[in-house]
Amino acid sequence: MSSERDFNEIITGLAKKRGFFWGPSPEIYGGSSGFFDLGPLGKLLKNRLENQIRASFVRANFWEVECPTVSPAMVWKASGHLDGFIDPITQCTKCEQIYRADNLIEEQLQGTKISGKSIDELTEIIKTHKITCPSCKSPLGAVESFNLMLKTRLGLDQEAYLRPETATTTYLLFRRFLTFFRDKLPMSVFQIGKAYRNEISPRQGMLRLREFTQTEGQIFILEEDEKNWPQFEDIKNDVLPLLPYQTQQKGDSKPLKMKMSEAIRKGHFQNPAYAWCVHLTYSIFKNMGFSEEKLRLRQHFPTERAHYAKDAWDVEVHTESFGWVECCGIHDRGNYDLTRHQEFSKEKLSVSVNKQPVVPNVLEIAFGIERPLFCLLDNSFQPESEIRDTDWLKFPPEVAPIQIAVFPLMGKDELLVPSREIFESVMEAGFVAQFDVGGSIGRRYRRQDEIGTPFCITIDYTTLEDGTVTIRDRDSMEQVRIHKDNLIVTLKKIIRGSTRFESLK
RNA sequence: GCGAUCGUUGUCUAGGGGUUAUGAUGCAGGCUUCCCAAGCCUGCGACCCGGGUUCGAAUCCCGGCGAUCGCACCA
């Protein structure tokens with residue numbers, strides 16, 4: 001489809017033209033890469049995605065919280081981000097090329113253990129082994145650390161950082177959660193909020209941002225509950241597209257359609273609670289409007305995991321622009337975080353099990369919303385065709401930014417007045433709707449197609465005679481006539497998806 | 001951050017030392033119109049930023065910012 005045009009550029013062009021997103025921001029000053037503004041439609045779409053996410057978590061018995069985006073350095077020291085979230089870099093003294101010091105050493109001195117080595121030790125290794133610039137063979141400068149966190153200051157001189165993930169800020173509330181949940185584990189909470197990463201060179205537009213909105217669900221859980229997780233019963237027969245690392249090792253990238261129970265039996269998941277989290281995440285992505293054939297779940301290789309993770313699976317979405325895109329991580333973080341914060345804060349972050357203090361484990365679902373937002377635009381894009389000479393967006397009705405458009409067939413007063421009445425009633429019913437009189441009726445349908453509005457209501461001369469209006473379906477471009485008294489209830493059904501448009505005919 | 005290519009109305013683009021800066025589409029107002037971008041009229045709108053060369057720069061040169069691709073990076 002549209003092979004002669006670069007797909008990403010089409011999506012970005014459409015996004016700019018129609019007010020989904022603009023950037024890089026701030027545009028009038030030339031922009032900084034990694035930052036985007038959401039336009040009115042982009043914000044509406046994002047709100048819809050957030051609401052789907054929120055509803056999914058709440059249904060799964062998670063409680064929402066919100067924490068500050070700035071925390072003092074100590075927090076990030078404890079979380080491991082201050083030391084672990086860095087790239088040790090070295091610069092060639094002559095050609096000024098910058099390299100990852102650790103990669104360079106591993107590459108040139110095979111078998112050297114560098115994990116846990118300090119900056120000074122790395123400099124020493126480079127010096128004693130005479131490692132030089134790979135491109136010009138000149139000596140390399142001292143190793144410095146490049147931290148991916150954005151630094152700021154509290155008051156006059158307290159060192160602080162913008163959070164690179166929301167999760168850590170959630171963990172800090174552990175003792176408060178114990179009180180709130182009346183000391184009963186497991187406890188499930190989630191947070192939707194901004195996080196910041198100072199990427200060296202962000203690319204791929206909305207997919208790698210320096211500021212993004214992260215959604216994270218956390219379950220604080222004891223080991224025996226991970227093994228004995230009753231909710232797993234509800235989903236054990238569901239089939240998910242799984243890509244375990246062993247499959248990838250064989251060079252296979254086609255997911256296995258596997259029952260959850262079978263995946264547990266074969267050891268792809270370590271326990272039912274973690275498996276249930278993977279399933280929940282998959283269902284969140286389905287609720288955001290992604291179709292099954294565009295989704296897969298990929299397990300990380302043991303060497304690929306973050307510093308805190310015991311096991312990790314990703315949700316990936318297939319896009320026309322970039323192929324498979326990593327959209328969500330599901331991590332078994334063990335009790336790494338709580339143990340570290342207990343150690344650094346000197347606060348007790350354990351519960352009592354058989355009179356012994358036990359630090360619970362954490363299962364985490366984490367994703368940025370901007371990625372699925374872009375992927376949904378990508379997946380929804382339909383190129384122009386013979387029957388419709390414009391590109392259009394096939395958003396699922398429940399997440400479309402504008403749900404309803406209302407038109408008088410023509411801009412005459414006798415049609416305008418009842419049209420406005422209908423429009424008011426649609427707005428009053430809680431829909432996000434648009435009223436449009438400009439241009440021919442066909443042009444107005446196209447405009448709505450282009451922003452993915454699923455249904456258009458048209459008021460014509462028959463309306464004046466018998467009180468019926470037409471509902472026009474975006475996907476089929478077909479219309480049904482319906483009495484205006486039944487309009488709202490019908491719209492609710494077809495937007496929720498409980499009734500199909502075809503059945504109205 | 002390095003290298004290559006590039007930056008022209010809201011969007012897509014032509015051009016390339018002296019131009020009223022091209023075209024399409026869009027948008028706004030009007031006329032017309034009984035359902036899928038019809039037509040007509042009127043109007044709106046651009047050379048990324050800074051410096052240099054030059055009588056004159058959107059055009060050439062340098063720098064910045066941004067974009068695409070490759071390298072590196074993406075805990």
Side-chain angles (χ1 to χ4, degrees), chain A residues 5-6 8-10 12-19 22-35 39 76 79-92 95-100 102-104 107 133-136 146-149 164-165 197-205 207-210 300 304-309 312 325-326 329 331 366 368 384 387-392 407-412 414-415 437-450 456-465 469-474 476-479 481:
Chain A
R5 294 190 289 171
D6 183 79
N8 175 37
E9 278 172 26
I10 295 170
T12 307
L14 188 126
K16 274 203 236 173
K17 190 161 75 173
R18 292 294 166 184
W22 298 304
S25 177
E27 280 190 290
I28 64 167
Y29 288 104
S32 296
S33 56
F35 295 95
W76 308 110
S79 72
H81 287 88
L82 206 48
D83 300 319
F85 201 56
I86 57 162
D87 291 339
I89 53 169
T90 178
Q91 189 172 26
C92 173
C95 71
E96 301 191 332
Q97 174 73 40
I98 291 174
Y99 300 95
R100 280 281 298 260
D102 50 348
N103 290 356
L104 215 55
E107 204 178 285
C133 171
S135 69
C136 76
F146 176 85
N147 197 288
L148 265 21
M149 287 194 292
E165 58 164 25
R197 292 176 190 187
N198 193 17
E199 303 280 359
I200 296 172
S201 66
R203 291 262 178 99
Q204 301 187 315
L207 295 190
R208 260 178 85 197
L209 299 172
R210 286 179 167 141
H300 280 207
E304 194 184 344
R305 290 176 206 148
H307 65 271
Y308 46 68
V325 172
E326 176 188 329
H331 303 115
E384 59 181 46
I387 52 162
R388 184 151 25 190
D389 48 7
T390 185
D391 300 335
W392 59 292
F407 311 141
L409 184 60
M410 285 179 297
K412 305 266 201 219
E414 63 264 33
L415 292 178
V437 270
S440 71
I441 188 76
R443 175 186 295 270
R444 282 176 274 160
Y445 286 140
R446 288 300 178 282
R447 274 203 279 256
Q448 295 303 326
D449 289 345
E450 201 170 12
C456 298
I457 313 300
T458 302
I459 287 77
D460 57 17
Y461 288 97
T462 311
T463 309
L464 304 182
E465 289 165 21
V469 299
T470 65
I471 303 178
R472 180 261 192 188
D473 174 49
R474 175 197 64 201
S476 62
M477 297 168 72
E478 287 179 2
Q479 282 172 290
R481 194 161 269 285

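Just so we're on the same page: letters track the sequence lines, and every chain starts at 1.
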Whole-Å gap separating [atom2] ([N]) and [atom1] ([X]):
X	N	atom1	atom2	result
A:Leu148	B:rC74	CG	C1'	8 Å
A:His300	B:rC74	NE2	P	13 Å
A:Glu27	B:rA46	CD	C1'	15 Å
A:Phe407	B:rA37	CZ	C1'	12 Å
A:Gln204	B:rC73	CD	C1'	12 Å
A:Asp389	B:rC36	CG	C1'	9 Å
A:Asn198	B:rG1	CG	P	11 Å
A:Ile471	B:rC35	CD1	C1'	15 Å

Quote, to the nearest angstrom, the [atom1] distance that separates [N] from [M].
N	M	atom1	result
B:rA28	B:rC65	C1'	33 Å
B:rC48	B:rG17	P	16 Å
B:rA24	B:rG66	P	35 Å
B:rG1	B:rU11	C1'	32 Å
B:rU13	B:rG50	C1'	27 Å
B:rC2	B:rG45	P	39 Å
B:rC60	B:rC6	P	10 Å
B:rC35	B:rG43	P	31 Å

Just the atom pairs and distances: protein N or O near nucleotides 63-67 of chain B's N or O, under 3.5 Å.
residue, atom, partner, partner atom, Å
B:rC65, O3', A:Gly31, O, 3.4
B:rC65, O2', A:Gly30, O, 3.2
B:rC65, O2', A:Gly31, O, 3.1
B:rG66, OP1, A:Ser33, N, 3.4
B:rG66, O4', A:Gly30, O, 3.3

Considering residues at least two apart in sequence or located in another chain, which fulfil the side chain to side chain contact (heavy atoms under 4.5 Å, CB included) criterion with [X]?
X	result
A:Arg443	A:Ser440, A:Arg447
A:Glu9	A:Asp6
A:Thr390	A:Arg388, A:Arg446, A:Glu450
A:Val325	A:Leu207, A:Thr319, A:Phe322, A:Cys327, A:Arg371, A:Cys375

*Looking only at side-chain atoms of A:Arg446, point me to the closest of B:rG1, B:rA37, B:rC35.*
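From the listed options, B:rA37 comes nearest.
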
**Prompt:** Nearest to the side chain of A:Arg203 - B:rC35, B:rG1, B:rC36?
**Reply:**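 Ranking B:rC35, B:rG1, B:rC36 by closest atom to the A:Arg203 side chain puts B:rG1 first.
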
Looking at [N], which nucleotide sits across from it as a Watson-Crick or G-U wobble partner, both distances under 3.5 angstrom, or is there none?
N	answer
B:rG43	B:rC27
B:rC36	none
B:rG63	B:rC49
B:rU68	B:rA4
B:rC55	B:rG18

Legend entry - A:Tyr461 vs A:Leu415, side chain to side chain contact (heavy atoms under 4.5 Å, CB included): CA-CA, chis, key distance, verdict: CA-CA 7 Å; A:Tyr461 288 97; A:Leu415 292 178; 3.8 Å; yes

N/O donor-acceptor pairs under 3.5 Å from side chains in residues 22-34 of chain A, not counting sequence neighbours:
residue, atom, partner, partner atom, Å
A:Trp22, NE1, A:Lys16, O, 3.0
A:Ser25, OG, A:Asp37, OD1, 3.4
A:Ser25, OG, A:Asp37, OD2, 2.8

On RNA chain B, compare the nucleotides closest to A:Gly13 and A:Glu450; which residue's is nearer the 5' end?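 The residue closer to the strand's 5' end, by nearest nucleotide, is A:Gly13.
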
*NA contact type, A:Gln479, heavy-atom cut-off 4.0 Å: base, sugar-phosphate, or nothing?*
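Result for A:Gln479 = base.
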
* Asked: With sugar-phosphate meaning primed atoms plus P, OP1 and OP2, does A:Arg472 contact a base, only sugar-phosphate, or nothing at under 4.0 Å between heavy atoms?
  ->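 Answer is base: heavy atoms of A:Arg472 come under 4.0 Å of a base.
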
Can you confirm whether A:Tyr445 sits close enough to A:Met477 that some side-chain heavy atom of one is under 4.5 Å from a side-chain heavy atom of the other?
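In short, these two side chains do not touch, never coming nearer than 4.5 Å.
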
Margin query: I'd like to check A:Leu82 versus A:Met149 (side-chain heavy atoms, cut-off strictly below 4.5 Å). Are they in contact?
Written below: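 In short, these two side chains touch, coming nearer than 4.5 Å.
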
Qualifying residues under side-chain hydrogen bond (donor to acceptor under 3.5 Å, both in side chains), relative to A:Arg472, sequence neighbours excluded:
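Counting only residues at least two positions away or on another chain, A:Arg472 forms a side-chain hydrogen bond (donor to acceptor under 3.5 Å, both in side chains) with A:Asp449.
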
Open item on the list: Using the side-chain hydrogen bond (donor to acceptor under 3.5 Å, both in side chains) criterion, which residues pair with A:Arg481? Sequence neighbours excluded.
Closed with: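 For A:Arg481, the residues satisfying side-chain hydrogen bond (donor to acceptor under 3.5 Å, both in side chains) (neighbours in sequence not counted) are A:Asp460, A:Thr468.
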
Quiz item: Between A:Glu199 and A:Arg210, is there a side-chain N and carboxylate O pair less than 4.0 Å apart?
Solution: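 Salt bridge between A:Glu199 and A:Arg210, a charged N being under 4.0 Å from a carboxylate O: no.
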
Atom pairs, N/O to N/O, protein against nucleotides 25-34 of chain B, distance under 3.5 Å?
residue, atom, partner, partner atom, Å
B:rG26, OP1, A:Arg443, NH1, 2.9
B:rC27, OP1, A:Arg447, NH1, 2.4
B:rC27, OP2, A:Arg443, NH1, 3.2

Return yes if the base of B:rC73 and the side-chain atoms of A:Arg208 contain a donor-acceptor N/O pair under 3.5 Å, otherwise no.
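Flag set: donor-acceptor pair detected.
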
